[in-house]
Participant: 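Here it is: the structure, laid out below.
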There are 2 protein chains.
Amino acid sequence: MNTQTRYSISDLAREFDITTRSIRFYEDQGLLSPERRGQTRIYSRQDRVRLKLILRGKRLGFSLTECGELFELWDHSNSGSELQLRLMLTRITEKRQALEQQLRDIAMMQQELDGAEARCSEALNALVPTDTAAKPAQE
Amino acid sequence: MNTQTRYSISDLAREFDITTRSIRFYEDQGLLSPERRGQTRIYSRQDRVRLKLILRGKRLGFSLTECGELFELWDHSNSGSELQLRLMLTRITEKRQALEQQLRDIAMMQQELDGAEARCSEALNALVPTDTAAKPAQE
DNA sequence: AATCAAGTTTACGTTAACGTAAACATTCTT
DNA sequence: AAGAATGTTTACGTTAACGTAAACTTGATT
């Protein structure tokens, strides 16, 4: 079925369109720790989730180290001393602020793309009067 | 006043909290081309805007090459042949899709941070019954 | 038995984005 | 005039995130 429980390294590589080299590298950096059957790696559903989170982090421009920090937040968010917990809340807030900055950045970049697209379409309409240009709908 | 029109390299370095090395490197990569007074670089307001755009791109995880591609979109969005213009519209759409993917990624990561924060706060409340924990407002 | 596919370790190579240092020019200040 | 501050070019060094290749193991297949 669709709910598999164990994956080989090339299973994951295929699914996420990355190389096995990358997956082993992530393990080397401490972001994954699959079981071993003999010398062969066996990945659980949890490992798969971790990998998905890594790739999501990368799409947001996070370094592997930062991804690891997020995992720490996730993993130890229900244990540790009071001081540790308070420290984690602080870091969660920091990460959230970074994400909010990214939201602002995306909004501004979208506006710039809007502008560029408008100028592009206009230039096209000037070149090709037969309205072949890419305008959404009605005039 | 606040509306300066020329900047030295260290002006910009200070303002954006980067090194002069970085600024020269961006120029080396073709992302900036300030005037020269003798051998000294002089940056205009436009140059300053470009620099701001570079840093925004970097915060979104874009490479300098990708930033340069965005500048091309911006700069040539009102010129070029029909084919060129159509190609640019395509690439604008691609960039927009990447941004939308990032929006989705941010939303999911925010949810995970919410969860981690909730668990953290809960663990804290269990440790410190005197409600010193970080809960927003009323019980 | 031999070959083949998939996995493994080890290690050197590569690219992007700067850091760092040396050696020099220019301008301002003392 | 002699520093000191700010700028410049040139060039080698560094880190992250893999790519690539070699040499080997293991299980399945012919």
Side-chain angles (χ1 to χ4, degrees), chain A residues 4-44 47-48 50-72 95 98 102 105, chain B residues 4-44 47-48 50-72 95 98 102 105:
Chain A
Q4 219 177 317
T5 180
R6 310 273 141 187
Y7 311 85
S8 77
I9 194 168
S10 47
D11 283 345
L12 295 182
R14 249 189 310 277
E15 174 173 2
F16 294 111
D17 194 30
I18 57 182
T19 66
T20 60
R21 174 69 173 97
S22 296
I23 298 179
R24 292 199 195 92
F25 182 74
Y26 299 152
E27 178 178 349
D28 211 59
Q29 304 303 112
L31 302 181
L32 293 174
S33 29
E35 293 172 31
R36 292 279 182 145
R37 177 159 181 165
Q39 77 172 349
T40 302
R41 280 164 248 253
I42 300 184
Y43 297 86
S44 68
D47 292 324
R48 206 189 82 138
R50 294 285 275 231
L51 183 51
K52 201 182 287 191
L53 292 178
I54 294 172
L55 299 178
R56 176 182 300 156
K58 293 204 64 188
R59 283 197 301 272
L60 293 177
F62 289 24
S63 71
L64 295 183
T65 303
E66 289 174 312
C67 289
E69 291 171 15
L70 287 172
F71 289 162
E72 274 190 50
K95 295 289 178 188
Q102 286 201 328
D105 288 333
Chain B
Q4 222 176 313
T5 180
R6 310 273 142 189
Y7 310 86
S8 77
I9 193 170
S10 46
D11 284 344
L12 295 181
R14 249 189 309 277
E15 176 174 2
F16 295 111
D17 194 31
I18 57 182
T19 66
T20 59
R21 174 68 173 97
S22 297
I23 298 179
R24 291 198 196 92
F25 182 73
Y26 300 152
E27 177 177 350
D28 212 58
Q29 302 304 322
L31 302 181
L32 293 173
S33 28
E35 293 172 32
R36 292 279 183 143
R37 177 161 182 165
Q39 78 173 347
T40 303
R41 280 164 247 254
I42 299 184
Y43 297 87
S44 68
D47 292 324
R48 206 189 83 139
R50 295 285 277 230
L51 182 52
K52 200 181 289 190
L53 292 178
I54 293 172
L55 299 177
R56 176 182 301 156
K58 292 204 66 186
R59 283 197 301 273
L60 293 178
F62 289 24
S63 71
L64 295 182
T65 304
E66 289 173 312
C67 289
E69 291 171 14
L70 287 172
F71 289 162
E72 273 190 52
K95 295 288 177 186
Q102 285 200 327
D105 288 333

Participant: Could you write nucleotides 8-23 of chain C as a row of B, S and -, 5' to 3', where a protein heavy atom under 4.0 Å of any base atom gives B, of only sugar-phosphate atoms gives S, and otherwise -?
Facilitator: BB-B-----BBBB---
Participant: The criterion is salt bridge (charged side-chain N to carboxylate O under 4.0 Å, His left out); which residues satisfy it with R6(A), sequence neighbours excluded?
Facilitator: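 Only E35(A) meet the salt bridge (charged side-chain N to carboxylate O under 4.0 Å, His left out) criterion with R6(A).
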Participant: Going by the rule salt bridge (charged side-chain N to carboxylate O under 4.0 Å, His left out), which residues pair with R21(B) if we only count those two or more places apart in sequence or in a different chain?
Facilitator: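 By the salt bridge (charged side-chain N to carboxylate O under 4.0 Å, His left out) rule, R21(B) matches no residue at all.
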Participant: Output all residues satisfying salt bridge (charged side-chain N to carboxylate O under 4.0 Å, His left out) with R36(B), sequence neighbours left out; order by chain, then residue number.
Facilitator: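 Scan of R36(B) (salt bridge (charged side-chain N to carboxylate O under 4.0 Å, His left out), adjacent residues dropped) gives E27(B).
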Participant: What pairs with E69(A) under salt bridge (charged side-chain N to carboxylate O under 4.0 Å, His left out), at least two apart in sequence or on another chain?
Facilitator: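 E69(A) satisfies salt bridge (charged side-chain N to carboxylate O under 4.0 Å, His left out) with R91(A), K95(A) only.
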Participant: Kindly write out the residues that satisfy side chain to side chain contact (heavy atoms under 4.5 Å, CB included) with R48(A), not counting sequence neighbours, or none if the list is empty.
Facilitator: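 Partners of R48(A) by the side chain to side chain contact (heavy atoms under 4.5 Å, CB included) criterion, ordered by chain and then number, come out as Y7(A), L12(A), E15(A), F16(A), K52(A).
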